Amino acid sequence: MKIGNQEIARILEDIADYLEMQGVAWKPAAYRRAAGGIAGLNQEVAAVYGAGGLKALMGVPGVGEAIALKIEELVKTGRLKYYDKLRKAVPVDLAGLSRVEGLGPKRIYFLYKKLKVKNLKDLERAVRSGKVQGLKGFGEKSGERIAKGLDFAKGSGKRFILGHVMPELEEIERRLRSVKGVKKATLAGSSRRMKETIGDADFLVVASDPEKVMDAFTKMPDVSRVLAKGDTKSMVRLASGLQVDVRVVPDGSYGSALNYFTGSKEHNVALRTMAEKRGWKLNEYGLWRGDKFLAGRTEEELYKAFGMEYVPPEMRENRGEIDLALAGKLPDIIGYGDLKGDLQTQSEWTDGEASIAEMAGAAIRAGLEYMAVTDHTKRLAMTHGLDEKRLAKQGKEIDELNAKYRKQHAKFRILKGTECDILKDGSLDLPDRALAGLDVVGVSVHSHFDLPRREQTERIIKAMKNPNVDILFHPTGRLIGKRPAYDVDMRAVIAEAKRTGTVLEIDALPERADLSDEYVRECVRAGVKMSIDSDAHAAGHFGFLKYGIAQARRGWATRADIINTYPLAKLLKFLGR
DNA sequence: GCCGTTTTCGGCCCGACTGTTTTCAGTCG
C-alpha cells in the first residue's frame with residue numbers, strides 16, 4: 001500500500017509518455033519536471049503529504065495543484081484513476097520499450113496500434129518476423145536498429161557507478177588528446193560534475209580536423225556500436241554498455257559549450273533565464289547581446305560576464321549556487337588535494353588483501369600523512385573479525401611500524417582504529433576498555449538491515465552515544481544498484497551527531513558513496529563534521545578518495561567540515577586523544 | 001500543467017542526427 005518516491009516518479013513519467021503519444025503539448029514536459037522533483041526529494045512524499053497536505057506537495061519543484069491532487073490520490077489509495085485510464089487505453093510496458101534505442105512514445109504507440117506490440121517480447125517477435133520493417137516510417141535500418149537495441153534493453157538500461165567507469169573515461173580523454181590537430185579534449189556531462197552514477201558520458205573537443213576526431217573516436221577498440229557519426233557529433237556504445245558522445249566545437253565557443261554540455265540542465269536553464277532577463281542570449285556558442293559576442297571562450301569568462309564567481313562543476317545543480325555566486329559568497333569547497341589522511345582502511349588481519357605495512361606504503365605514495373587501520377570486529381566472523389586480544393596484538397604491530405617511521409624521520413603515522421560492529425541492540429562488538437585504548441573508533445552496521453525504522457534509528461543512535469565512538473562509518477549502508485539504504489531516520493542521526501559530536505563518514509567506495517551529496521549538504525548546514533575515507537581493502541584503493549572528495553564537493557563541504565583535512569596534531573586533538 | 005523582479009496569461013531550450021521524408025518527424029541529450 002505504501003507508495004515510494006521512485007514509484008510515484010515513474011507513474012508521472014509514464015503519464016508524460018502517454019500524453020506525448022496523444023500529441024498533447026507542454027503537459028508531458030510538466031509531468032516530467034514533476035517526476036524529477038519527486039525523484040530528487042530527500043524525504044518520502046508520503047511524509048511530506050502527511051506533514052503538510054496538498055500545500056506541502058505543491059512546494060515540491062514542478063508540482064502544482066493538478067499534480068498534487070494526483071499524488072494525494074496515490075499516497076492515500078495507492079492508485080490513480082487517471083493513470084489507470086491511460087494505461088487501459090494503451091496497455092504497453094513503457095519502461096521496457098522506451099529503453100530500446102530510437103523508440104519513443106510516438107513510435108511505441110504506433111507499433112501498438114499497428115502490431116499490438118505491448119512489451120519487449122512482442123517487439124522481438126515483430127522484428128524477427130519482419131513485420132516492423134516496411135511500416136510507415138520504419139525501413140530496413142530501423143528494424144536493424146531495434147533488433148540491436150533489444151539485446152541491450154533486455155540486459156540493462158541501467159546507470160553506471162562513477163568510480164567504475166572513470167578510469168575508462170580518462171583513457172578516452174587521453175586518446176582524444178592524442179589525435180592529430182586536437183587542441184583541447186575534455187570530459188563534460190554528469191561525469192564532470194562527478195555524480196555518483198552516470199547514464200552516459202560526453203566529451204568536448206576543439207580540433208582543426210574534426211573528421212579525424214570522429215574517425216578515431218568511432219574506431220576506438222572498446223566501441224561495440226557506432227550509434228551516430230556526423231561532422232560535429234558522434235555517439236558510440238562501449239563494450240561495457242556505456243554510451244559515450246563526442247562533440248567538436250569551435251575554439252571561440254569552448255567555454256560556453258563546456259558549460260552547456262556539463263549541465264546540469266537545471267543549472268543551465270537558470271543561467272539562460274538570467275541571460276534572457278538581461279536581454280542577452282546564452283547558447284552553446286556563447287553569450288550574446290544581439291549579434292555581439294559577450295563571452296564564451298572559457299567558462300571563467302562566461303561566469304564573469306554574468307558578474308558571478310566561477311561555479312565548480314560539482315555544484316552546478318541549481319540548488320542555490322547561482323544566487324551565492326552572484327553575491328560572491330560561494331563556499332570555498334574542499335579541493336582534490338586537501339586530504340591529509342584516511343580514517344577507514346582494512347588490512348589482511350581481516351578482509352583486506354594487504355599487510356598494514358603495505359597499506360601504509362600505498363597511503364604514503366598517495367600523499368597522505370596518516371592512516372587509521374580499522375579492521376572489522378569479531379561479530380563479522382566471515383572476515384575473521386578481531387576480538388580484544390587480537391586487537392591488542394595488532395596494536396603492537398602498529399607501534400613497531402610507527403617506531404620505524406620515526407627512526408626514518410618520516411612524517412607518516414599509522415593510527416590504531418577499529419570498524420566496530422554495531423550489534424542488533426545498539427551495543428558494540430568490543431568492550432569499552434578496548435575502544436578507549438584506540439586512536440580512532442569507527443562503528444558501523446553490517447547486520448539486521450531490515451529492522452523497522454524506529455528500531456534501526458534507535459540502534460544507531462545508541463551506538464553514537466557511547467563516548468568512545470568517534471565516527472559512524474557508511475551511515476546509510478546502501479550499495480548502489482544492489483541494496484537500498486536501511487530504513488533509518490537520517491535527520492535524527494544528523495541531529496544526534498551534532499549533539500554527541502560524532503563524525504559522519506563519507507565512504508568513498510564507489511558503490512557506497514555514503515553519505516550521499518544531499519546528506520553531506522544537511523551535515524554542513526547542521527554543523528556536523530564528516531570524514532572522507534577510502535574504505536580501502538587493498539593498496540590500490542586509495543584512489544577511491546577522489547570520489548569521496550567529489551561527493552563532499554557536491555554537498556558543498558569545506559575543509560573545516562572534513563576532519564581528515566586536518567594535520568595529525570589537530571586531528572588527534574579533535575578526537576580527544 | 002507549471003510558473004511568475006515581464007505574475008493570474010502566455011510562455012515553456014533547442015540543435016544535431018537519422019531515416020526515409022520529397023521538406024520533415026521522431027528521438028535524444
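Chain letters run A, B, ... following the sequence lines, proteins first, then strands; residues in each count from 1. This structure is a prediction, so every number in the text was calculated from the model and none was measured. Scope of the values below: all heavy atoms of this structure, side chains included, with no hydrogens, waters or symmetry mates.
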Tell me if a side-chain donor or acceptor on A:E309 pairs with a main-chain N or O of A:L330 at a distance below 3.5 Å.
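At least one qualifying donor-acceptor pair exists.
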Using the C1' atom on both, measure B:dG15 against B:dT6 and round to a whole Å.
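So the two C1' atoms sit 27 Å from each other.
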For nucleotides B:dT18 and B:dG1, find the distance between their C1' atoms and express it as a whole number of Å.
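The answer is 31 Å between these two C1' atoms.
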Any strand: nucleotide that pairs with B:dC24 via Watson-Crick or wobble, under 3.5 Å
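Pairing partner: B:dG19.
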Atom-pair distance ([atom1] on [X]; [atom2] on [N]), nearest Å:
X: A:N268; N: B:dC14; atom1: CG; atom2: P; value: 13 Å
X: A:E65; N: B:dG1; atom1: CD; atom2: C1'; value: 11 Å
X: A:E266; N: B:dC3; atom1: CD; atom2: C1'; value: 16 Å
X: A:K70; N: B:dC2; atom1: NZ; atom2: C1'; value: 12 Å
X: A:Y260; N: B:dG15; atom1: OH; atom2: P; value: 8 Å

I want to verify a distance call: between [options], whose nearest atom is closest to the [X] side chain?
X: A:R33; options: B:dG29, B:dG15, B:dC12; value: B:dC12
X: A:A228; options: B:dC12, B:dG19, B:dC17; value: B:dC17
X: A:P105; options: B:dG29, B:dG15, B:dT27; value: B:dT27

Donor on one side chain, acceptor on other, [X] and [Y], under 3.5 Å:
X: A:E72; Y: A:Y49; answer: yes
X: A:N259; Y: A:S256; answer: no
X: A:Y83; Y: A:K88; answer: no

Would A:W26 count as stacking on B:dC12 if stacking means ring centres less than 5.5 angstrom apart and planes tilted under 30 degrees?
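Given the distance and angle limits, yes, they stack.
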